[in-house]
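This report concerns only the one structure given below.
Fair warning: this is a prediction, and the values are worked out from it, not measured in the lab.
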2 protein chains.
Amino acid sequence: MTTDRTDAAAVAEATTPESGIADPIPEATLARLPIYMRGLLEVAGDGVTTVSSRRLADLSGVNAAKVRKDLSYVGTRGTRGVGYEVDRLIREIGMVLSGEVTPVVIIGVGNLGRALSRYDGFVAGGFPVLALVDADSSMVGRRIAGVIVSHVDDLGKVVAETGCLLGIVATPAHAAQVAVDGLIAAGIRSILNFAPAVVSVPAEVELRKVDLATELQILGYHEHRREAANPQQVA
Amino acid sequence: MTTDRTDAAAVAEATTPESGIADPIPEATLARLPIYMRGLLEVAGDGVTTVSSRRLADLSGVNAAKVRKDLSYVGTRGTRGVGYEVDRLIREIGMVLSGEVTPVVIIGVGNLGRALSRYDGFVAGGFPVLALVDADSSMVGRRIAGVIVSHVDDLGKVVAETGCLLGIVATPAHAAQVAVDGLIAAGIRSILNFAPAVVSVPAEVELRKVDLATELQILGYHEHRREAANPQQVA
DNA sequence: GTATGTGAATAGATTCACAGCT
DNA sequence: AGCTGTGAATCTATTCACATAC
C-alpha cells in the first residue's frame, strides 16, 4: 500500500484541524474496520463501485447504524441517497490500519509459533513474518516458512536487521514474561501475546492478548447453561 | 463481543435465589474468570489458602474492585477483613465454567488446525480434542495428536460417536460457512471460528470468533499512531 | 485495622430516530 | 424517494467510595 501524506492530512481533519494527529478511534470500532475491509474488497472484486451502510452491514454481520458511526470516526464521507464509494473507503480504512507493510517477529516456534509463521492471513494483511526466534538451540538454524530461526539471545540484532515493529509471543506460559521483556528491550512496543499468562509491560507498550483456552471456556459456559435450561430438547 | 443472544427466560428472572436456572453472568466477567482461575491455581500450588481481591487482581492484571464485582456474580462469598478461600473459589469458578470435561471437534487440519489440535492448553482446560475432520481426502486417516482425521462428510457420525459439544472452525475463509453449517447439522451449537470470514448462524447457536489478522491490524494502528505522534524514532 | 460487598457515579458502546442532503 | 450523519437514549462495563463485617 502507498503512504501519501496528503490523504493522511485529510483523515486527520476529522476533529483536529492543525495538529497532524487524528483523534483516537474507539477500540470497538477499530476491531470492526478489518471486517469492513474484507467486505469491501469482496464487492470491489465484483466490480461494484458504491455500497450503502446497509449492504456493508450485511456483509459484516453488524447493523447499519454501527457501520455509519464507525465510518464517521474514520472521517469518511458518503453521499446521501447513494452510499459510500468503495475504492475510497478501501483506501481510507487502509490508511487508518497502519497504511504500510509492517513486519513481525515471532518468539517461540513450537506448534503454535510455527502455525502462525505459516499463516497466510498475516502476509496478506500486510504483516509479513520476517523473523523467528526461540530459546531452544535445536530449533536455531531451521527454516520455517522461508525464515531461518535465530536464537532468542540475538533478538535485538534480528529485530534491528529486519525492522520488525510488531512482536508475537508464542512461548509456553512460564516463558512469556521473559519473552515480552526481550521484545521490549529489542525496541518492540506493540505485542500480541498468545501465551496463557498475565504479563506486565510499561505503559507505553501496547499489549494485546489472544487466549485460546479462555475462548473455549466462555463457549463452554454458554453450552453448559443452555443444557441446564432445557435438559432434553434438541432444536 | 461476538454474539448477541436474547434469552427471554434468563432476563425475566433477574433475582432468582435458587429456582432452576440462575445467573446470567456478564460477558466481560466471564472472559476474566479463566484468568482468575489461573492465578488461583498458581497460589494454591504455593500452599496459600486465602487471597484478597487485591492480590488476585495483581495476579490477573486488573483492579481489585473489578475482581470483587466479578466474584459477586459467581455467587461467592469472601470473609471481610480476610479475603477469599482459595480452594472454594477454584471449585466455584470451575463449576461456572462448564464444570466437566467438554470434548471438542476441529474442522480443518491445515497449519492452524494441526497446531490447535496439539495445543496443550485445551486438554489442560478440560477441552480435549476428540475429533478432527477435513475436506481433503489426502488428510483422512492421518493421526494428529493421537486422533485419526475423518472426512468432513462423516462429521455427523464422528460427532455422535465422540460426544463433542464444541466445534472449532480452522478452514480457509471460503470454506467457513460450509464448515459452520456442517457443525450445526451435526448438532453442535457452540462454535469457535478462526477463519477470517463473516459467517451466519441461527440465533440459538453461540458463535465466537478469533481473528488473527485483525489482532495484528489493531496493533498496527496503535504502532502507526505512536510513530505519527513522536516522529524521532526509527524510520 | 483490614477487606468485602454493593449502590452510585462514570465511561464506553450500541441502537434509535430523524433531520438534511442528493 | 433513498441514504447518510449524528444527537439523544439505552444498554453494558468499569470504577469509586463507603457502610458493613471480621
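Considering only heavy atoms from C-beta on, I168(B) comes within 4.5 Å of L216(A) through its side chain. Residues D181(A) and V199(A) fail the side-chain proximity criterion, which asks for heavy atoms closer than 4.5 Å. Side chains of L212(B) and F127(A) form no contact here, defined as non-hydrogen atoms less than 4.5 Å apart. Between K66(B) and S60(B) the shortest side-chain heavy-atom distance does not fall below 4.5 Å. Within the 4.5 Å cutoff, no side-chain heavy atoms of V198(A) are placed close to those of K209(A). Considering only heavy atoms from C-beta on, M95(B) stays 4.5 Å or farther from H224(A) through its side chain. When side chains are defined from C-beta on, V74(A) does not count as touching L89(A), because their heavy atoms never get closer than 4.5 Å.
In this structure, R77(B) does not reach the dC22(D) phosphate: none of its side-chain N or O atoms is under 4.0 Å from OP1 or OP2.
Residue N63(B) contributes atom CG, which lies 12 Å from atom C1' of dA13(D) at whole-angstrom precision. Whole-Å rounding puts the R88(A) CZ to dT4(D) C1' distance at 13 Å. Rounded to an integer number of Å, the gap from K66(B) NZ to dT6(C) C1' is 17 Å. Computed from coordinates, the Y84(B) OH to dA21(D) P distance equals 15 Å when rounded to whole Å. Rounded to a whole Å, the CZ atom of R32(B) is 12 Å from the C1' atom of dT12(D).
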Anything under 3.5 Å between a donor and an acceptor, one on a side chain of residues 81-88 of chain B, the other on a protein residue two or more places apart or in another chain? List them.
unit_1: R88(B); atom_1: NE; unit_2: E92(B); atom_2: OE2; d: 3.4
unit_1: R88(B); atom_1: NH1; unit_2: R77(B); atom_2: O; d: 3.3

Show me, pair by pair, the donor-acceptor contacts under 3.5 angstrom made by side chains of residues 39-58 of chain A, not counting sequence neighbours?
unit_1: S52(A); atom_1: OG; unit_2: R55(A); atom_2: N; d: 3.1
unit_1: S53(A); atom_1: OG; unit_2: R68(A); atom_2: NH1; d: 3.1

May I have the list of side-chain donor-acceptor pairs in residues 31-38 of chain B shorter than 3.5 Å, sequence neighbours left out?
unit_1: R32(B); atom_1: NE; unit_2: D70(B); atom_2: OD2; d: 2.6
unit_1: R32(B); atom_1: NH2; unit_2: D70(B); atom_2: OD1; d: 3.0
unit_1: R32(B); atom_1: NH2; unit_2: D70(B); atom_2: OD2; d: 3.2
unit_1: Y36(B); atom_1: OH; unit_2: D70(B); atom_2: OD2; d: 2.6
unit_1: R38(B); atom_1: NE; unit_2: P196(A); atom_2: O; d: 3.2
unit_1: R38(B); atom_1: NH1; unit_2: D211(A); atom_2: OD2; d: 3.4
unit_1: R38(B); atom_1: NH2; unit_2: D211(A); atom_2: OD2; d: 2.4

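Applying the side chain to side chain contact (heavy atoms under 4.5 Å, CB included) test between V169(B) and each of I107(B), V105(B), V178(B) identifies I107(B) as the sole match.
Against DNA chain D, the stretch residues 67-76 of chain B makes heavy-atom approaches under 4.0 Å through R68(B), K69(B). Residues of residues 49-57 of chain B that place a heavy atom closer than 4.0 Å to DNA chain C, in numerical order, are S52(B), S53(B).
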Give me the distances for all protein-to-nucleotides 20-22 of chain C N/O pairs that come in under 3.5 Å?
unit_1: dG20(C); atom_1: N3; unit_2: R80(A); atom_2: NH1; d: 3.3
unit_1: dT22(C); atom_1: O4'; unit_2: R80(A); atom_2: O; d: 3.0

